[in-house]
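Structure, as structure tokens:
Here the structure is a predicted model, which is why all the values come from computation and not from measurement. In what follows, every chain begins at residue 1, and chains take the letters A, B, ... in the order their sequences are listed. Excluded from the calculations below are hydrogen atoms, water molecules and symmetry mates; all remaining heavy atoms, backbone and side chain alike, are included.
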Number of protein chains: 2
Amino acid sequence: MAKASSAREDLIDAAVELFRARGYEGVGVAELLQKSGAPRGSLYFHFPGGKEQIGAEAVARVGAEVEQRFRELRQSGVDLDAYIDKVFKTTAQEVKEREYHASCPMAAIAAEFSSAHGPNLHAAVRGAFNAWQREIVLAALESGMNAKNAEIFASAMLASMEGAFIVSKAQVSPAAHANSARAIKALASVLRAN
Amino acid sequence: MAKASSAREDLIDAAVELFRARGYEGVGVAELLQKSGAPRGSLYFHFPGGKEQIGAEAVARVGAEVEQRFRELRQSGVDLDAYIDKVFKTTAQEVKEREYHASCPMAAIAAEFSSAHGPNLHAAVRGAFNAWQREIVLAALESGMNAKNAEIFASAMLASMEGAFIVSKAQVSPAAHANSARAIKALASVLRAN
DNA sequence: GCGTAACTAGACCGGTCGTCATAGTAGCGA
DNA sequence: TCGCTACTATGACGACCGGTCTAGTTACGC
């Protein structure tokens with residue numbers, strides 16, 4: 001890494017982690033500053049757009065990271081069932097590590113903003129979801145699924161994944177991830193058959 | 001109806017609708033009061049516990065309502081595929097009516113509160129999710145699924161449902177609901193087979 | 001009319017976010 | 001080494017909005 005950590009990166013890191021746990025409106029800039037160790041003024045130097053800009057950049061960062069992980073997994077050449085298992089095992093692992101105090105930051109922000117109110121954050125989340133879905137479509141296509149079914153598959157998998165985050169946080173249990181994986185594998189099986 | 005509307009009920013109604021759109025932290029009491037038409041002081045007369053109590057009661061109300069709808073649907077005697085379709089068509093309808101500015105209030109609140117922070121709201125959401133899941137288990141059992149598979153099924157269906165709310169709000173499209181329904185029907189088919 | 005209960009309005013305090021004037025630092029030419 | 005400039009960084013400040021509470025008003029049985 002070029003530099004161990006800049007205030008800018010630290011701020012975004014903190015935002016990602018805090019939004020996971022309490023959503024966007026649930027965390028104040030004071031907390032962001034405390035957790036990141038950055039001084040107050042630095043925030044508005046690096047992010048003239050204020051809290052909303054941090055939110056958008058946090059979303060963009062997570063979006064890109066996860067998209068990249070999807071891509072690498074797909075390019076590793078695993079079959080679709082293994083792909084599904086790997087994804088849901090990873091998400092289960094993530095929530096477990098955080099002791100069920102966190103979900104997906106996308107889900108948290110998506111729940112709070114619509115296109116009407118908060119268009120910037122909404123657009124950021126929408127873009128990230130679409131990128132993920134495109135990646136999943138590619139994985140499905142490579143497994144031999146036809147184009148129409150691949151779209152159905154990707155949409156359902158994305159929803160299951162995000163829902164598993166929500167439910168497992170509420171239930172303080174990783175079960176939803178594993179069970180969602182089974183549903184998506186069943187869907188894959190059906191969709192590949194025709 | 002006994003009385004057309006009491007300030008108490010109006011407040012909870014407004015809370016449910018607003019939490020759907022912007023989450024718990026995203027709406028202030030001022031907005032709650034404006035939307036419900038209730039006078040400012042009435043809030044702490046009806047809800048000594050303040051905003052958090054309103055949140056808990058809103059969650060409890062939605063939880064009970066939805067549980068009841070699950071129960072009625074199950075008792076109507078439809079087969080499991082029709083049951084699944086009906087549920088996801090209903091959720092799709094709900095988000096469409098609100099023009100994708102709203103999701104499930106449970107999901108919105110679940111995303112913001114963990115057991116550590118906000119234990120009351122967390123418990124309320126958890127209770128509602130568990131009640132729904134129990135109802136879905138019953139429906140699966142009645143369709144001939146074995147007990148263990150019924151648990152898997154219900155957990156996956158709950159997650160898919162909540163995820164579809166999140167994703168369809170972000171994507172401004174009902175597609176996630178329909179596609180999730182397909183996944184859950186595929187899972188049902190697999191789980192009934194063994 | 002009187003006392004109790006139901007209800008309401010407005011003031012209140014605490015904390016929020018964003019601004020700004022100031023301070024530090026790196027680069028550079030003389 | 002020094003002075004100058006441009007960039008980066010900082011925390012005190014204040015306007016504002018959040019949720020809460022107390023003092024007051026109305027409704028009603030007796």
Side-chain angles (χ1 to χ4, degrees), chain A residues 1-19 21-59 105 108-109 111-113 117-121 124, chain B residues 2-19 21-59 105 108-109 111-113 117-122 124:
Chain A
M1 57 221 70
K3 31 188 172 181
S5 71
S6 68
R8 193 169 202 286
E9 294 302 304
D10 289 350
L11 238 4
I12 298 183
D13 286 345
V16 169
E17 216 47 45
L18 288 170
F19 292 163
R22 290 206 266 307
Y24 178 83
E25 301 279 13
V27 315
V29 292
E31 208 173 349
L32 242 35
L33 295 169
Q34 191 186 348
K35 173 142 186 160
S36 69
R40 189 163 197 78
S42 299
L43 198 156
Y44 291 90
F45 174 75
H46 291 297
F47 305 92
K51 188 185 173 189
E52 181 174 343
Q53 187 183 348
I54 294 195
E57 298 213 17
V59 166
I109 294 182
E112 294 182 278
F113 294 96
H117 159 255
N120 292 339
L121 286 172
Chain B
K3 31 185 169 178
S5 73
S6 67
R8 194 174 199 287
E9 295 301 304
D10 288 349
L11 237 3
I12 297 183
D13 286 345
V16 169
E17 218 46 45
L18 288 171
F19 292 164
R22 289 205 268 303
Y24 178 82
E25 302 279 13
V27 313
V29 294
E31 206 172 352
L32 241 34
L33 295 168
Q34 190 186 348
K35 172 140 186 162
S36 68
R40 191 157 192 77
S42 299
L43 202 155
Y44 290 86
F45 174 75
H46 293 297
F47 305 92
K51 188 186 174 189
E52 181 174 343
Q53 187 183 349
I54 295 192
E57 298 212 16
V59 166
I109 294 182
E112 295 182 279
F113 294 97
H117 160 254
N120 293 338
L121 286 172
H122 175 86

Please report the distance, rounded to the nearest Å, between [atom1] in [X] and [atom2] in [N].
X: Phe45(A); N: dA6(D); atom1: CZ; atom2: P; result: 15 Å
X: Leu11(A); N: dA9(D); atom1: CG; atom2: C1'; result: 13 Å
X: His46(B); N: dG19(D); atom1: NE2; atom2: P; result: 18 Å
X: Asp10(A); N: dA9(D); atom1: CG; atom2: C1'; result: 14 Å
X: Leu32(A); N: dG18(C); atom1: CG; atom2: P; result: 11 Å
X: Glu25(B); N: dG15(C); atom1: CD; atom2: P; result: 15 Å
X: Phe47(A); N: dT8(D); atom1: CZ; atom2: P; result: 14 Å

- [ ] Determine: side-chain N/O of Ser42(A) to OP1/OP2 of dA9(D), distance under 4.0 Å, yes or no.
- [x] no
- [ ] Can you sort out the partners of Gln53(A) under side chain to side chain contact (heavy atoms under 4.5 Å, CB included), two or more places apart, ordered by chain and number?
- [x] Arg8(A), Phe47(A), Pro48(A), Glu57(A)
- [ ] Kindly write out the residues that satisfy side chain to side chain contact (heavy atoms under 4.5 Å, CB included) with Ala21(B), not counting sequence neighbours, or none if the list is empty.
- [x]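 Side chain to side chain contact (heavy atoms under 4.5 Å, CB included) check on Ala21(B) returns nothing, list empty.
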Task: pair Lys35(A)-Asp13(A): side-chain heavy atoms closer than 4.5 Å - done: no
Open item on the list: Looking at every non-hydrogen atom in both residues, tell me the closest pair between Val59(B) and Ile109(B) and how far apart they are.
Closed with: CG2-CD1, 3.5 Å
Task: Minimum-distance pair of heavy atoms, taken over all atoms of Leu11(B) and Ser36(B) - done: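 Heavy atoms only, the tightest pair is CD1-OG, 3.2 Å.
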Open item on the list: So, taking the atom named CG in Leu43(A) and the one named CG in Leu33(A), what distance separates them when rounded to the nearest 0.5 Å?
Closed with: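 Spacing of CG (Leu43(A)) from CG (Leu33(A)) equals 5.0 Å.
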Task: Nearest-0.5 Å distance that lies between atom CD in Glu112(B) and atom NE2 in His117(B) - done: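 Taking CD in Glu112(B) and NE2 in His117(B), the distance rounds to 9.0 Å.
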Under 3.5 Å, N/O pairs linking protein and nucleotides 21-23 of chain C:
none

- [ ] Identify, with sequence neighbours excluded, every residue that meets salt bridge (Lys or Arg N to Asp or Glu O under 4.0 Å) alongside Glu25(B).
- [x] none
Kindly give the atom pairs (protein nitrogen or oxygen, nucleotide nitrogen or oxygen) under 3.5 Å for nucleotides 20-26 of chain D.
from: dT20(D); atom 1: OP2; to: Tyr44(B); atom 2: OH; distance (Å): 2.1
from: dT20(D); atom 1: OP2; to: Lys51(B); atom 2: N; distance (Å): 3.2
from: dT20(D); atom 1: O5'; to: Tyr44(B); atom 2: OH; distance (Å): 3.0
from: dT20(D); atom 1: O4; to: Arg40(B); atom 2: NE; distance (Å): 3.1
from: dT20(D); atom 1: O4; to: Arg40(B); atom 2: NH2; distance (Å): 3.4

TODO: Can you sort out the partners of Tyr24(A) under ring-ring contact (aromatic ring centres under 6.0 Å, His included), two or more places apart, ordered by chain and number?
DONE: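 ring-ring contact (aromatic ring centres under 6.0 Å, His included) check on Tyr24(A) returns Phe19(A), Phe113(A).
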